[in-house]
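Heads up: the structure comes next, in structure tokens.
The analysis underlying the following values was restricted to heavy atoms, covering all of them including side chains, and did not include hydrogens, waters or symmetry mates.
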Amino acid sequence: MAPPLLRPSRLLLLVPLLLAAAPQPKAPAPPRLEDAVPDTFTGVERVVAVGDVHGDVDALKEVLRLAGIIDAKDRWVGGKAHLVQTGDIPDRGDQTRAAFDLLIRLEQEALAAGGRVHALLGNHEAMNMLGDLRYVSPGEMASFADQSPEPQGAGTPVGLHGHRAAYSLQGRYGQWLRRHAAVVRINDTLFVHGGVAPQVPGASLAELNRWVRQDFFPGHPPGGARDAQGPLWFRGYALGEPHEAEPALDAVLQRFGAKRMVMGHTTNRDGKIQVRFNGKALLIDTGLSTGYGRNLAALELRGGKLSAIYREGTVPLAPVKAPAPPRPAQKH
């Protein structure tokens with residue numbers, strides 16, 4: 001005799017029991033300093049780089065649309081392109097968390113399409129992970145309130161506990177950031193937030209990135225995230241005198257096998273991408289966020305050609321010609 005069919009009511013009772021008995025997916029292990037962080041990529045046909053976001057996800061979306069990286073619904077349409085965001089996503093604006101969430105999602109969509117998103121560490125990411133909250137806006141902090149069950153204390157800024165939890169080693173955004181590099185090389189170009197000074201330690205990008213990241217993991221000696229001459233803070237190629245800065249840049253480029261360095265961190269007040277040292281240094285912090293003027297700009301590297309993408313169109317970036325040496329004085 002065939003077994004009697006289960007009544008719908010009994011079947012409904014069994015479903016929760018079966019779900020409870022099923023193995024639950026394990027939460028990903030927290031990042032470790034020893035984890036490999038990819039830093040070198042070759043054979044990339046198109047690279048788009050954007051500078052400091054500072055809590056303005058709307059400006060970030062707008063510039064990514066200009067560059068053909070996302071569509072009107074904020075989905076990845078960049079194909080196999082690599083997008084580099086050179087750090088300083090947080091602080092000074094209320095939409096930091098939304099900007100993080102956008103880039104986290106785009107990372108996965110880009111990988112599925114054969115592309116890549118590189119969200120580099122900036123000094124403001126470091127400050128937030130290390131508890132320096134001087135530039136966190138009230139709205140920005142409040143947006144993280146749900147990241148901690150700890151009750152809000154009297155006189156405590158709204159979202160303080162959630163912000164601290166979110167950026168911690170166990171937090172959603174702290175874990176994500178700790179899995180990222182400070183410096184990457186794509187084809188023949190180094191990308192970094194501030195700049196790679198000659199005195200940084202390490203003969204490889206892996207060693208350099210480890211030196212920066214060790215500040216974010218307990219039990220390690222001071223590293224490069226706090227160092228004023230570290231890659232998150234250095235401004236020598238943006239502000240230095242050519243006779244000193246260019247030889248230093250040349251030495252670093254040779255050391256890490258690159259032809260140029262792309263940097264954010266130092267805002268170009270004219271809202272345009274700046275080229276220094278015959279194209280060996282490109283400064284792409286144009287003041288993207290509303291607080292800095294909402295100057296939309298992205299750098300494009302394609303087939304050896306460099307271009308700036310602005311609202312008004314795409315502009316080729318030609319190397320800066322070195323000044324002609326002075327003519328020797330004529331003898332009379």
Side-chain angles (χ1 to χ4, degrees), residues 41 44-89 93 95 98-99 102-103 106 109-110 113-120 122 184 186-193 237-238 259-322:
F41 306 85
V44 181
E45 181 179 343
R46 182 180 188 235
V47 183
V48 172
V50 297
D52 305 33
V53 174
H54 284 307
D56 195 336
V57 74
D58 294 331
L60 175 60
K61 289 177 180 179
E62 190 172 348
V63 76
L64 295 183
R65 291 190 197 105
L66 278 179
I69 291 295
I70 63 173
D71 62 14
K73 295 183 178 180
D74 305 332
R75 296 295 177 179
W76 179 269
V77 291
K80 295 182 179 180
H82 281 218
L83 168 66
V84 183
Q85 196 288 314
T86 55
D88 276 12
I89 298 168
Q95 301 172 332
L102 173 67
L103 290 170
L106 290 178
E109 294 178 5
R116 196 102 185 192
V117 173
H118 309 273
L120 302 184
V184 297
I186 305 175
N187 299 333
D188 55 6
T189 303
L190 290 178
F191 295 85
V192 61
H193 180 63
Y237 307 131
K259 291 183 179 180
R260 67 183 66 88
M261 189 181 297
V262 175
M263 296 155 276
H265 189 45
T266 303
T267 307
N268 304 324
R269 296 299 178 178
D270 62 358
K272 303 297 182 183
I273 291 173
Q274 289 191 13
V275 181
R276 298 195 81 189
F277 314 129
N278 290 304
K280 290 179 288 189
L282 293 110
L283 310 174
I284 66 167
D285 179 7
T286 59
L288 177 66
S289 68
T290 301
Y292 281 87
R294 203 181 178 92
N295 301 307
L296 304 183
L299 174 68
E300 180 186 58
L301 299 89
R302 189 202 290 261
K305 296 182 179 179
L306 283 71
S307 304
I309 301 172
Y310 301 121
R311 283 192 184 98
E312 57 269 26
T314 300
V315 179
L317 294 175
V320 178
K321 292 182 180 180

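- Under the salt bridge (Lys or Arg N to Asp or Glu O under 4.0 Å) criterion, D270 pairs with no residue at all, not counting sequence neighbours.
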Are L306 and L282 close enough, and set up right, to give a side chain to side chain contact (heavy atoms under 4.5 Å, CB included), and what steps lead you there?
CA-CA 10 Å; L306 283 71; L282 293 110; 3.5 Å; yes
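- Between F191 and H118, the distance from one ring center to the other does not fall under 6.0 angstrom.
- Contacts of R311 classified as side chain to side chain contact (heavy atoms under 4.5 Å, CB included), with partners at least two apart in sequence or in another chain: E62, L66, R294, L296.
- Separation of atoms NE2 (H82) and CZ (F41) is listed at 6.5 Å; rounding is to 0.5 Å.
- Considering only residues two or more places apart in sequence or on other chains, V117 meets the side chain to side chain contact (heavy atoms under 4.5 Å, CB included) condition with W76, L83, L103, L106, E107, A110.
- Residue H193 forms a side chain to side chain donor-acceptor pair (under 3.5 Å) with just one option from T266, T86, D88, and that option is D88.
- Contacts of D285 classified as side chain to side chain donor-acceptor pair (under 3.5 Å), with partners at least two apart in sequence or in another chain: T267.
- For residues 67-81, the salt bridge (Lys or Arg N to Asp or Glu O under 4.0 Å) pairs, not counting sequence neighbours, are K61-D74, R65-D74, R75-E109.
- To the nearest 0.5 Å, atoms CG (L102) and CG (L64) are separated by 6.5 Å.
- The distance from atom CG of N268 to atom CG of N295, rounded to the nearest 0.5 Å, is 9.5 Å.
- For the atom pair CD of Q274 and CE of M263, the computed distance is 10.5 Å after rounding to the nearest 0.5 Å.
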Would you give me the side-chain donor-acceptor pairs under 3.5 Å for residues 44-54, sequence neighbours excluded?
from : atom 1 : to   : atom 2 : distance (Å)
R46  : NE     : E300 : OE2    : 2.6
R46  : NH1    : A67  : O      : 3.2
R46  : NH2    : A67  : O      : 2.7
R46  : NH2    : E300 : OE2    : 3.0
D52  : OD1    : H265 : N      : 3.1
H54  : ND1    : P90  : O      : 3.0
H54  : ND1    : D91  : O      : 3.4

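- The heavy-atom pair separating S307 from T314 by the smallest distance is CB-CG2, 3.5 Å.
- Residues that satisfy the salt bridge (Lys or Arg N to Asp or Glu O under 4.0 Å) test with K280, not counting sequence neighbours, are E246, D250.
- By the side chain to side chain donor-acceptor pair (under 3.5 Å) test, T189 pairs with R260, sequence neighbours left out.
- Looking at residues two or more places apart in sequence or on another chain, you find a side chain to side chain donor-acceptor pair (under 3.5 Å) between D58 and Q95.
- Taking every heavy atom of both residues into account, Y237 and F277 meet most closely at O-CE1, 3.7 Å.
- Listed by chain and residue number, nothing satisfies the side chain to side chain donor-acceptor pair (under 3.5 Å) test with R269 (two or more places apart in sequence, or in another chain).
- Evaluation of the side chain to side chain contact (heavy atoms under 4.5 Å, CB included) rule for A297 yields I273, T286, Y310 as partners, not counting sequence neighbours.
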